[in-house]
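Notes to accompany the following structure.
On a predicted model such as this, the values are computed, not experimentally measured, just so you know.
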Amino acid sequence: TNPLYRGSVRHRGAIMQGLHEAIIDAELWDRVQAKLQEASVRPRGKAMPSVDPANAKSARSPFIGKIFDETGIALTPSHARKDGRRLRYYVSKHLMLRRTADTPDGWRLPAEELERKVARLTADHVTDCAARLALLSDPVAADAAGIARRATVAVVRIEVTDQELLADLISAIHLAPGSIRIALDRDAFSQILKVDAALLAPQALEFSTPFTLRRRGVEIRIVAGARCAEPDETLIRLLARAHVWLKDIRAGRSLADLAHREGHSESYIRTRLPMAFLAPKLQAAILDGSQPVDFSAEKLVGKGFPLDWSEQERLFGFGG
């Protein structure tokens, strides 16, 4: 963990670029730091317990050394613990140091969500290229039908965020305000498609798409490419409970009774009960996950909303 090996020096709690030559390159350093962080989660002297693949999947960061900010500096993996859960992030290196009022903004991306977004964007890109016969520079030069079938198999693995596959397939991810550029590894992609790497079309190996971050409550949500439906379990649960509470109130139960039963205050019930009066269009969007990315329970409770359905749709950005 000594930054001297990386060509840096530690001074008064901050890490600064040194004048000496680094003896460990950035990618190796990031990989080692990630492993040290993973090891620090378990008590000293104890071996890493065996875990099933589903749990192990969330402990790895397949894009270590592959995500770069707009200045070309690689983001570093980090993690935090909340309610007993280990949360992974990809973070701008300067944010890992001591922060001051003069510290510039940087990236702090939830790792699992970023990996899902990159997987979906990559799957969409491969699907689109296969449909347009754009995977190869000369589609006639190889078995187009066979390549399309193998591309379809690869897309299925990518869509379920196969981290081993993503770690091999993704060569680099370049972030910039408003966009993300993803480069695929030529050799890994050629092995997946079982074609000569020289036959792959350049446009199949790199693509860009819009990329923005939006805050929803205390969460940071990543919006990239064409948005797919993403049901919000918190919203769905509150909507269902609001309808139950409304039914109970119509049956003669008081807010005090409901608060006692639910283990919440009366004000908690009162501020969330109006969700049962949301416009049908809004309720349908919540159930199928097509609500705007910044439409949250906090937004509903904090601002309140009019009873008029058309006004609700206008207020919360439900066009059409």
Honestly curious: do [X] and [Y] fall in one hydrophobic cluster under the side-chain, below-4.5 Å linking rule?
{"X": "L238", "Y": "I236", "value": "yes"}
{"X": "L235", "Y": "L315", "value": "yes"}
{"X": "Y268", "Y": "L258", "value": "yes"}
{"X": "L165", "Y": "L121", "value": "yes"}
{"X": "L133", "Y": "V153", "value": "no"}

Taking the cut-offs as 6.0 angstrom to the six-membered ring centre and 45 degrees off its axis, would you call R186 and F189 a cation-pi pair? no
Among V118, L109, L75, find the residue that satisfies the side-chain contact (heavy atoms from CB on, under 4.5 Å) test when tested with F63. V118
What distance do [X] atom [atom1] and [Y] atom [atom2] have between them, rounded to the nearest 0.5 Å?
{"X": "D25", "Y": "R6", "atom1": "CG", "atom2": "CZ", "value": "7.5 Å"}
{"X": "L199", "Y": "S190", "atom1": "CG", "atom2": "OG", "value": "9.5 Å"}
{"X": "I24", "Y": "N2", "atom1": "CD1", "atom2": "CG", "value": "9.0 Å"}
{"X": "L246", "Y": "R241", "atom1": "CG", "atom2": "CZ", "value": "15.0 Å"}
{"X": "I182", "Y": "I67", "atom1": "CD1", "atom2": "CD1", "value": "9.5 Å"}
{"X": "Y90", "Y": "S78", "atom1": "OH", "atom2": "OG", "value": "11.5 Å"}

Do S254 and D257 have side-chain atoms, one donor and one acceptor, less than 3.5 Å apart? yes
Side-chain ([X]) to main-chain ([Y]) donor-acceptor, under 3.5 angstrom:
{"X": "S92", "Y": "W107", "answer": "yes"}
{"X": "D69", "Y": "G72", "answer": "yes"}
{"X": "H264", "Y": "I269", "answer": "no"}
{"X": "H20", "Y": "L4", "answer": "yes"}
{"X": "Q17", "Y": "G7", "answer": "yes"}
{"X": "K194", "Y": "I147", "answer": "no"}
{"X": "E266", "Y": "L255", "answer": "no"}

When you look at D124 and D128, which way does the side chain to side chain contact (heavy atoms under 4.5 Å, CB included) test go after all the steps? CA-CA 6 Å; D124 290 346; D128 177 64; over 6 Å; no
Show, in sequence, the C-alpha distance, side-chain angles and deciding distance for E311 and R314, and conclude whether the salt bridge (Lys or Arg N to Asp or Glu O under 4.0 Å) test is met. CA-CA 5 Å; E311 283 297 308; R314 183 194 60 77; 3.0 Å; yes
Show, in sequence, the C-alpha distance, side-chain angles and deciding distance for I192 and R150, and conclude whether the side chain to side chain contact (heavy atoms under 4.5 Å, CB included) test is met. CA-CA 7 Å; I192 290 171; R150 291 188 286 275; 5.8 Å; no
With side chains defined as the heavy atoms from C-beta onward, is the minimum distance between [X] and [Y] less than 4.5 Å?
{"X": "K281", "Y": "E313", "result": "yes"}
{"X": "L135", "Y": "V195", "result": "no"}
{"X": "I173", "Y": "F68", "result": "no"}
{"X": "V9", "Y": "L19", "result": "no"}
{"X": "F277", "Y": "L307", "result": "yes"}
{"X": "F211", "Y": "L114", "result": "yes"}

Could you pull out the closest heavy-atom pair between [X] and [Y], with the gap in Å?
{"X": "V126", "Y": "A151", "value": "CG1-CB, 4.1 Å"}
{"X": "A204", "Y": "A134", "value": "CB-O, 3.7 Å"}
{"X": "L136", "Y": "A201", "value": "C-CB, 3.6 Å"}
{"X": "S61", "Y": "R88", "value": "OG-NH1, 2.9 Å"}
{"X": "I170", "Y": "K66", "value": "O-NZ, 2.9 Å"}
{"X": "S171", "Y": "D185", "value": "CB-N, 3.7 Å"}

Is E206 paired with R181 through a side-chain N to carboxylate O contact shorter than 4.0 Å? yes
Assess the residue pair R261 and D248 against the criterion (salt bridge (Lys or Arg N to Asp or Glu O under 4.0 Å)); give the C-alpha distance rounded to whole Å, side-chain angles, the decisive distance to 0.1 Å, and a yes or no. CA-CA 11 Å; R261 185 188 72 192; D248 288 342; 2.8 Å; yes
Audit row: E112, Y89, side-chain hydrogen bond (donor to acceptor under 3.5 Å, both in side chains) steps and yes/no: CA-CA 8 Å; E112 289 188 40; Y89 298 90; over 6 Å; no
Output, in order, the C-alpha distance, side-chain angles, deciding distance and verdict of side chain to side chain contact (heavy atoms under 4.5 Å, CB included) for L278 and Q312. CA-CA 7 Å; L278 284 172; Q312 291 177 16; 3.7 Å; yes
Test side chain to side chain contact (heavy atoms under 4.5 Å, CB included) on V155 and T127 and set out the steps. CA-CA 7 Å; V155 164; T127 299; 3.5 Å; yes
Step by step, work out the side-chain hydrogen bond (donor to acceptor under 3.5 Å, both in side chains) result for Q283 and H243. CA-CA 11 Å; Q283 297 196 39; H243 280 283; 2.8 Å; yes
Does atom CD of E70 have more than 12 heavy-atom neighbours from other groups under 6.0 Å away? yes
Which word best sums up how the rings of F305 and F316 line up, parallel for under 30°, tilted for 30 to 60°, or perpendicular for over 60°? perpendicular
